[in-house]
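There's a structure below that I have some questions on.
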Amino acid sequence: MDFGRTTQLDTVDFSLPGDSAFTRSYLSSLAAPTGPMHLYLGATGWAMPQWVGRWYPSGAKSKDHLYHYGRQFSTIELNTTHYRIPDFSTVANWCERVPLDFRFCPKLPQTISHDKQLGLNGHATRLFTEAIAGMGQQLGVCFLQLPPHFGPERLPLLEVFLQKWPRALPLAVELRHEDWFADEAVTNRLASLLHSFETGMVITDVAGRRDVLHQFITAPFVLIRFVGNGLHPTDYQRIDSWAGRLHHWAQQGLPAVYFFSHQPDNILSPEMVLYLWEKIRSDESLLARPPVPLTVSGDDRQMQLF
């Protein structure tokens with residue numbers, strides 16, 4: 001993920017903003033929690049030969065990577081669907097290889113997200129949703145990653161899209177155009193629209209674009225894309241803050257959060273997931289399944305220093 005990356009880390013304010021007024025109002029409307037918040041932890045891809053011997057068993061074949069990924073993580077930011085709509089047999093094969101508590105979060109195809117009319121004039125949305133519906137209970141949240149040029153003037157188009165989207169399939173939207181966050185009134189209009197369709201608003205924690213760390217919750221779930229910097233000390237500091245925020249949301253009754261760890265080339269993503277789990281493992285308000293390293297490495301020892 002190159003969006004928002006910067007090498008000027010010393011100039012970045014990595015503090016986690018407080019919840020927006022919209023979020024505080026939304027959380028206050030939720031029923032008191034009757035159990036822990038489900039925290040689904042994952043990365044951005046399972047085809048990782050670099051994890052063999054560390055997170056996958058030694059000698060693990062590429063055809064078995066998804067099987068092993070599903071035993072280490074409980075969700076995935078499924079980017080492959082951004083480039084090709086899977087057929088029904090592919091979806092069924094994916095679901096058979098992971099545990100029942102695993103949740104796929106497929107990205108909408110770029111033929112929809114990057115189309116001038118959001119695919120409203122074609123069949124891509126129907127084909128995608130019909131295929132993804134085959135995930136059944138293993139479907140987490142679909143997400144629509146809009147391009148940087150999709151600005152607030154296109155809010156009416158987004159509304160039409162949401163009107164046509166199947167309500168049975170949870171959806172979250174990621175906005176990248178700076179004008180969505182430059183004016184609080186604009187952001188609130190966006191949040192109100194998404195909330196009216198029970199659609200989430202993706203939160204991205206990335207060094208070079210702190211505006212997309214907006215802290216707006218518009219649905220009973222949140223997708224967080226945490227973009228690290230190769231296990232830089234600030235990665236750990238940011239996770240410390242997130243552990244506290246997740247506890248707060250759980251106490252308010254938010255049902256579910258999907259947390260995706262991004263690291264350069266995805267290689268060190270599990271280390272960050274493990275560190276987050278270590279921070280929240282004793283928190284009874286959160287229910288999460290941790291990755292388990294198969295070997296002890298310097299990264300494990302490094303985490304003990306933070």
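The model shown is predicted, which means the values in this text are computed figures rather than measured ones.
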Would a distance-only check, ignoring hydrogens and angles, find a side-chain to backbone donor-acceptor pair under 3.5 Å from Tyr69 to Ala43?
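Yes, the answer is positive, given that a donor and an acceptor are paired below the 3.5 Å cut-off.
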Do we see a donor-acceptor contact under 3.5 Å between the side chains of Thr90 and Asp87?
yes
Are Leu274 and Ile76 co-members of a hydrophobic cluster defined by side-chain heavy atoms under 4.5 Å apart?
yes
Residue pair Ser269, Gln263: steps toward the side chain to side chain contact (heavy atoms under 4.5 Å, CB included) verdict
CA-CA 5 Å; Ser269 293; Gln263 289 287 343; 3.7 Å; yes
Between Gln50 and Asp265, do the side chains contain a donor N or O and an acceptor N or O under 3.5 Å apart?
no
Checking Ser74 side chain against Phe102 main chain: does a donor-acceptor pair fall under 3.5 Å?
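No: the side chain of Ser74 does not pair with the backbone of Phe102.
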About how many Å separate CE of Met135 and CZ of Arg103, when rounded to the nearest 0.5 Å?
11.5 Å
His82 side chain to Leu108 main-chain N or O, any donor-acceptor pair under 3.5 Å?
yes
Can you list everything that forms a salt bridge (Lys or Arg N to Asp or Glu O under 4.0 Å) with Asp205? Sequence neighbours excluded, please.
Arg210, Arg238
Within the supplied structure, the quantity of interest is the number of heavy atoms (other residues, nucleotides, ligands) at a distance under 6.0 Å from Glu153 CD; does it exceed 12?
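Yes, the 6.0 Å shell around CD holds more than 12 heavy atoms from other groups.
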Residue pairs, two or more places apart or on separate chains, that pass salt bridge (charged side-chain N to carboxylate O under 4.0 Å, His left out) and touch residues 244-264:
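Qualifying pairs: Asp19-Arg245.
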By salt bridge (Lys or Arg N to Asp or Glu O under 4.0 Å) - contacts of Arg167 (at least two apart):
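Applying salt bridge (Lys or Arg N to Asp or Glu O under 4.0 Å) to Arg167 gives none.
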Would you say Val206 and Val12 are hydrophobically clustered, going by side-chain heavy atoms of ILVMFWY under 4.5 Å?
no
When rounded to the nearest 0.5 angstrom, what is the spacing between CG in Leu268 and CG in Asn229?
11.5 Å
Tell me whether the count of non-hydrogen atoms from other residues, nucleotides or ligands lying under 6.0 Å of NE2 in His123 goes above 12.
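Not buried by this count: 12 neighbours or fewer within 6.0 Å.
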Which residues share a salt bridge (Lys or Arg N to Asp or Glu O under 4.0 Å) with Asp115, sequence neighbours left out
none
Shared ILVMFWY cluster between Phe260 and Leu276, side chains joined below 4.5 angstrom?
no
Where do Lys164 and Val160 land on the side chain to side chain contact (heavy atoms under 4.5 Å, CB included) test, with the steps shown first?
CA-CA 7 Å; Lys164 295 181 178 298; Val160 174; 4.1 Å; yes
Set of residues satisfying salt bridge (Lys or Arg N to Asp or Glu O under 4.0 Å) with respect to Arg71, sequence neighbours excluded
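For Arg71 there are no salt bridge (Lys or Arg N to Asp or Glu O under 4.0 Å) partners, ignoring immediate neighbours.
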Which donor-acceptor pairs under 3.5 Å do side chains of residues 190-203 form with protein atoms, sequence neighbours excluded?
residue, atom, partner, partner atom, Å
Ser192, OG, Asn188, O, 2.9
His195, ND1, Thr218, O, 3.2
Ser196, OG, Leu193, O, 2.6
Thr199, OG1, Phe197, O, 3.3

For Pro17, which residues count as a side-chain contact (heavy atoms from CB on, under 4.5 Å) partner, sequence neighbours excluded?
Leu213, Gln215
Is there a donor-acceptor pair closer than 3.5 Å between any side-chain N or O of Tyr26 and the backbone N or O of Ala219?
yes
Trp94 CH2 to Leu78 CG distance, which is reported to the nearest 0.5 Å
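Output value for this atom pair is 4.5 Å.
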In plain terms, say whether Lys107 and Glu174 are close enough for a salt bridge, that is, a side-chain N and a carboxylate O under 4.0 Å apart.
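Answer for the salt bridge query: no.
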Could you give the distance from CG (Asp211) to CG (Leu175), rounded to the nearest 0.5 Å?
10.5 Å
Enumerate the salt bridge (charged side-chain N to carboxylate O under 4.0 Å, His left out) contacts for residues 118-146, please, sequence neighbours excluded, ordered by first and then second residue.
Arg126-Glu130
With hydrophobic residues grouped by side-chain heavy-atom distances under 4.5 Å, do Leu120 and Val173 end up in a single group?
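Yes, Leu120 and Val173 fall within the same hydrophobic cluster.
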Please round to the nearest 0.5 Å and tell me the distance separating atom CG of Leu158 and atom CG of Leu155.
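That separation rounds to 6.0 Å.
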Just by distance, do the side chain of Tyr236 and the backbone of Met272 share a donor-acceptor pair under 3.5 Å?
no
Could you list all the salt bridge (charged side-chain N to carboxylate O under 4.0 Å, His left out) pairs where at least one residue sits in residues 29-38, not counting sequence neighbours?
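For residues 29-38, and leaving out neighbouring residues, there are no salt bridge (charged side-chain N to carboxylate O under 4.0 Å, His left out) pairs at all.
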Interatomic spacing from CD in Gln252 to CG in Leu254 - rounded to 0.5 Å
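Gln252 atom CD to Leu254 atom CG measures 9.5 Å (nearest 0.5 Å).
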Ring pair (Phe, Tyr, Trp, His ring centres under 6.0 Å) partners of Tyr258, counting only residues at least two apart:
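Partners of Tyr258 under the ring pair (Phe, Tyr, Trp, His ring centres under 6.0 Å) test: Tyr40.
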Going by the rule ring pair (Phe, Tyr, Trp, His ring centres under 6.0 Å), which residues pair with His177 if we only count those two or more places apart in sequence or in a different chain?
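His177 satisfies ring pair (Phe, Tyr, Trp, His ring centres under 6.0 Å) with no other residue.
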Same hydrophobic cluster for Leu286 and Leu30, using side-chain heavy-atom links shorter than 4.5 Å among ILVMFWY?
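Yes, Leu286 and Leu30 fall within the same hydrophobic cluster.
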Using a cut-off of 6.0 Å, state whether more than 12 heavy atoms not belonging to Phe14 lie near its atom CZ.
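Correct, the count exceeds 12.
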Pair Arg209, Glu178 - check side chain to side chain contact (heavy atoms under 4.5 Å, CB included), show working.
CA-CA 9 Å; Arg209 280 290 303 275; Glu178 294 179 351; 3.4 Å; yes
Could you check Leu41 against Arg289 for side chain to side chain contact (heavy atoms under 4.5 Å, CB included), going step by step and ending with a plain yes or no?
CA-CA 7 Å; Leu41 302 173; Arg289 175 157 63 84; over 6 Å; no
Let me know which of Tyr56, Trp55, Trp46, Phe73 forms a ring pair (Phe, Tyr, Trp, His ring centres under 6.0 Å) with His65.
Tyr56
Counting distance only, does the side-chain N/O of Gln137 pair as donor-acceptor with the main-chain N or O of Asp101 below 3.5 Å?
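No, the answer is negative, given that no donor and acceptor are paired below the 3.5 Å cut-off.
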Just grab all the ring pair (Phe, Tyr, Trp, His ring centres under 6.0 Å) pairs involving residues 135-161, residues at least two apart or on different chains.
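Matches after skipping sequence neighbours: Phe161-Trp165.
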